[in-house]
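See structure below.
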Amino acid sequence: MSRDTELFIRLYPDDHVAVVREDIEEGRSLADGVSAAADIPAGHKIALRPVEQGGAVLKYGQPIGRASLPIRIGDHVHTHNLSAERTNGGASATSEYRSVHDPIERTFMGFRRKAGSVGTRNYIGVLTTVNCSATVARRISAHFSDEHLSAFPRVDGIVPITHTTGCGQSATGD
């Protein structure tokens, strides 16, 4: 994979847009003959194909909205030219389900029930946004012993999800 193809994420070959992985400057040439028509911030969408005004815009093989303006290859696709408003039929643009072929075998850490269906464990995570609240999260989780959880038969446990990076985060990181 070349460095240029690593600049954006496109999951399905017929997608109209891809997500850029880093800030892209206007005029920068990317893979597949696409050049950025404007500055595009990391995490935003770039058009890989033209879309007529009113046309469905596909991302990850699914419609995510309609082009509120004509979209050209290389355009920054965002709220200024993408609309998720209700259409005349009352359904949102994203309600047009499209079946997609997924060649990846999907698995998860679940269990098989006696009747053959599958399930997952149901845990509640107490998530901290700063290290300062880690002790509180641990104490909340510890409070819910087996005795306390018996009142909630569909909850398998409560776990603290903490980190150790302090009370502030860098505004410049990912």
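The first residue in the sequence is number 1, and the count goes up from there.
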Within one Ile-Leu-Val-Met-Phe-Trp-Tyr cluster: L149 and V159, side-chain cutoff 4.5 Å: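 Each belongs to a different hydrophobic cluster.
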
Single-linkage hydrophobic cluster L69~V17, side-chain heavy atoms < 4.5 angstrom: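 Each belongs to a different hydrophobic cluster.
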
Is the closest side-chain heavy-atom distance between [X] and [Y] below 4.5 Å?
X    : Y    : result
V77  : K59  : no
H163 : T128 : yes
F8   : L30  : yes
F111 : R121 : yes
H16  : I71  : no
L82  : K45  : yes
V19  : Y60  : yes
D15  : L58  : yes

Rounded at 0.5 Å granularity, tell me how far [atom1] in [X] sits from [atom2] in [Y].
X    : Y    : atom1 : atom2 : value
H44  : T79  : NE2   : OG1   : 8.5 Å
I140 : T135 : CD1   : OG1   : 11.0 Å
L127 : I161 : CG    : CD1   : 5.5 Å
L7   : I24  : CG    : CD1   : 5.0 Å

Non-hydrogen atoms of [X] and [Y] that approach each other most closely:
X    : Y    : answer
H148 : H143 : ND1-O, 2.9 Å
S29  : S35  : CA-OG, 3.7 Å
G74  : I40  : O-CD1, 4.0 Å
V155 : I158 : CG1-CG1, 4.4 Å
V34  : I73  : CG2-CG2, 4.0 Å
V20  : P41  : CG2-O, 3.2 Å

Look at the side chain of [X] and the backbone N and O of [Y], then say whether any donor-acceptor pair between them is shorter than 3.5 Å.
X    : Y    : result
R113 : V118 : yes
Q53  : S68  : yes
R66  : S83  : no
D75  : A37  : no
N122 : D156 : no

Worked verdict on D14 versus R49 for side chain to side chain contact (heavy atoms under 4.5 Å, CB included): CA-CA 9 Å; D14 60 343; R49 297 175 176 205; 4.2 Å; yes

Parallel, tilted or perpendicular: ring planes of H80 versus H78, cut at 30 and 60 degrees: tilted

Crowding at CD, E52 (>12 non-hydrogen neighbours, <6.0 Å):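 Atom CD in E52 is not packed in, count stays at 12 or less.
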
